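One structure is given here, and the rest of the page talks about it.
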Protein chains: 2
Amino acid sequence: MRTQTRPPSTGRSLEHPDRDLIRLEDVLHALSDPMRLQIVCALAGSEGEQSCSVFALPVSKSTTTHHFRVLRESGVITQIYRGTAKMNALRRDDLEELFPGLLDSVLTGAHRQAARLGEEGR
Amino acid sequence: MRTQTRPPSTGRSLEHPDRDLIRLEDVLHALSDPMRLQIVCALAGSEGEQSCSVFALPVSKSTTTHHFRVLRESGVITQIYRGTAKMNALRRDDLEELFPGLLDSVLTGAHRQAARLGEEGR
DNA sequence: CGGTTCGTACGATACCCATCGTAGTACGCC
DNA sequence: GGCGTACTACGATGGGTATCGTACGAACCG
């Protein structure tokens with residue numbers, strides 16, 4: 001893996017809940033928004049970190065920031081600044097430890113639903 | 001199974017979404033409320049139907065009605081009138097068909113979280 | 001340094017929703 | 001018929017939240 005070109009994280013830091021403080025209700029709520037579910041599916045489909053801007057969501061930048069914050073504060077993703085970009089990654093291990101199988105079943109369900117609705121249900 | 005003493009359903013009917021119209025976002029939203037998650041856990045713990053009143057939720061009757069309606073309209077439970085009571089049951093088969101493993105992982109996650117938080121996290 | 005890119009902060013807005021109380025309906029039973 | 005139980009309908013209320021635009025900050029590049 002080519003990690004040598006990845007810029008180091010910068011001074012700015014972001015609050016993340018400790019694993020033991022992640023609550024199932026908050027995770028479910030975070031995933032219950034179509035926009036955020038789409039983000040999570042995209043993150044799961046690509047290994048490693050993705051910047052906020054690669055998703056091209058059909059909402060304003062402010063709204064995008066809002067959704068990523070909800071995902072981070074609920075414990076679904078980690079975020080870190082690298083240069084001007086903010087990189088996002090799923091907290092797969094933490095979620096699997098706390099709620100075994102949950103993330104996978106949500107991702108599978110989302111995938112099946114997209115197929116069932118003919119991709120129009122976005 | 002003793003079904004002979006169960007009163008038949010009465011004339012009043014209730015709207016339920018067809019299986020194919022159940023949406024993952026709606027299910028996740030329904031489950032993201034602590035009160036409703038508690039209801040679902042209780043329903044899962046007891047086989048068959050349960051009336052609305054056996055749960056003794058710490059909210060008013062109107063609010064209880066509201067939560068059961070959200071669960072029904074999102075496709076998580078079925079409801080049917082039997083005499084004066086309204087009986088509730090999980091739509092296990094439909095959910096399993098649409099979103100395999102989802103309900104089980106949520107239930108398991110809720111159970112583990114309750115244990116982790118020492119039952120105080122209700 | 002100046003410009004560009006990426007993301008944030010803040011206020012506004014409109015909508016959603018969890019909660020309640022009160023009044024009412026449906027059903028079973030006496 | 002009259003009563004009690006179980007649940008509903010409706011309106012109100014307060015808090016949450018998805019959305020936007022605008023103005024700002026932080027880092028990189030030339």
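Quantities reported herein were computed from a predicted structural model and do not represent experimental measurements. Every chain is numbered from 1 and lettered A, B, ... according to where its sequence line falls, protein lines coming before strand lines.
At least one side-chain heavy atom of B/Leu102 sits under 4.5 Å from a side-chain heavy atom of B/Leu24.
The shortest distance between the side-chain N/O atoms of A/Tyr81 and the OP1/OP2 oxygens of C/dT8 is below 4.0 Å. Applying the 4.0 Å criterion to OP1 and OP2 of D/dC7, one finds that B/Ser53 has a side-chain N or O inside that range. B/Ser60 has no side-chain polar atom (N or O) that falls below the 4.0 Å cut-off from OP1 or OP2 of C/dT19.
Across the protein-nucleic acid pair, B/Leu71 atom CG and D/dC7 atom P stand 15 Å apart, rounded to whole Å. When the P atom of C/dA18 is taken as reference, atom CD of A/Glu25 falls 13 Å away, rounded to whole Å. Atom-to-atom, NE2 of A/His67 to C1' of C/dG7 comes out at 15 Å; the value is rounded to the nearest Å. Rounded to an integer number of Å, the gap from B/Asn88 CG to D/dA6 P is 14 Å. Going from atom CZ of A/Phe55 over to atom P of C/dG7 covers 10 Å, rounded to whole Å. As a whole-Å value, the separation of B/Lys61 NZ from C/dT22 P is 12 Å. In this structure, CD1 of B/Ile39 is placed 14 Å from C1' of D/dC7, rounded to the nearest angstrom. Residue A/Met87 contributes atom CE, which lies 12 Å from atom P of C/dC6 at whole-angstrom precision.
Listed for the B/Ser32 side chain is a donor-acceptor partner under 3.5 Å among the backbone atoms of B/His29. Judged by distance alone, the side chain of A/Glu96 and the main-chain N or O of A/Gly101 form a donor-acceptor pair under 3.5 Å. Panel note: side chain B/Gln79, backbone B/Leu14; no donor-acceptor pair is recorded below 3.5 Å. Not one N or O on the side chain of B/Arg72 forms a donor-acceptor pair closer than 3.5 Å with the backbone of B/Asn88.
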Reading nucleotides 9-17 of chain C from 5' to 3' and marking B where a protein heavy atom lies under 4.0 Å of the base, S where only the sugar-phosphate is that close, and - otherwise, the string is B-------S

Side chain to side chain contact (heavy atoms under 4.5 Å, CB included) for A/Leu107 and A/Cys41? Distances and angles first, verdict last. CA-CA 6 Å; A/Leu107 292 171; A/Cys41 288; 4.1 Å; yes

Before giving the answer on side chain to side chain contact (heavy atoms under 4.5 Å, CB included), spell out for A/Leu103 and A/Val40 the whole-Å C-alpha distance, their side-chain angles and the decisive distance to 0.1 Å. CA-CA 9 Å; A/Leu103 184 60; A/Val40 169; 4.2 Å; yes

Which pairs would a plain distance check flag for residues 53-62 of chain B, meaning a side-chain donor or acceptor within less than 3.5 Å of a matching protein atom at least two apart in sequence or in another chain?
| unit_1 | atom_1 | unit_2 | atom_2 | d |
| --- | --- | --- | --- | --- |
| B/Ser53 | OG | B/Ser51 | OG | 3.0 |
| B/Ser60 | OG | B/Thr63 | N | 3.3 |
| B/Ser60 | OG | B/Thr63 | OG1 | 3.1 |

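Terminal axes of the helix from C/dC1-D/dG30 to C/dC30-D/dG1 (five pairs each, C1' rotation axis) are separated by 20°, to the nearest 10°.
One finds the CZ atom of B/Arg69 at 11.0 Å from the CZ atom of B/Arg36 (value rounded to the nearest 0.5 Å). Between the OG1 atom of A/Thr78 and the CG atom of A/Leu71 there is a distance of 11.0 Å, given to the nearest 0.5 Å.
Nearest nucleotide to the A/Thr84 side chain, out of C/dG7, D/dA6, C/dT5: C/dT5. Comparing C/dG7, C/dT19, D/dA6 against the side chain of B/Met35 picks out C/dT19 as the nearest.
No N or O donor and acceptor, one from the side chain of A/Lys86 and one from the base of C/dG7, sit under 3.5 Å apart.
Toward the 5′ end of DNA chain D lies the nearest nucleotide of B/Arg72, the other residue of the pair A/Pro58 and B/Arg72 mapping further downstream.
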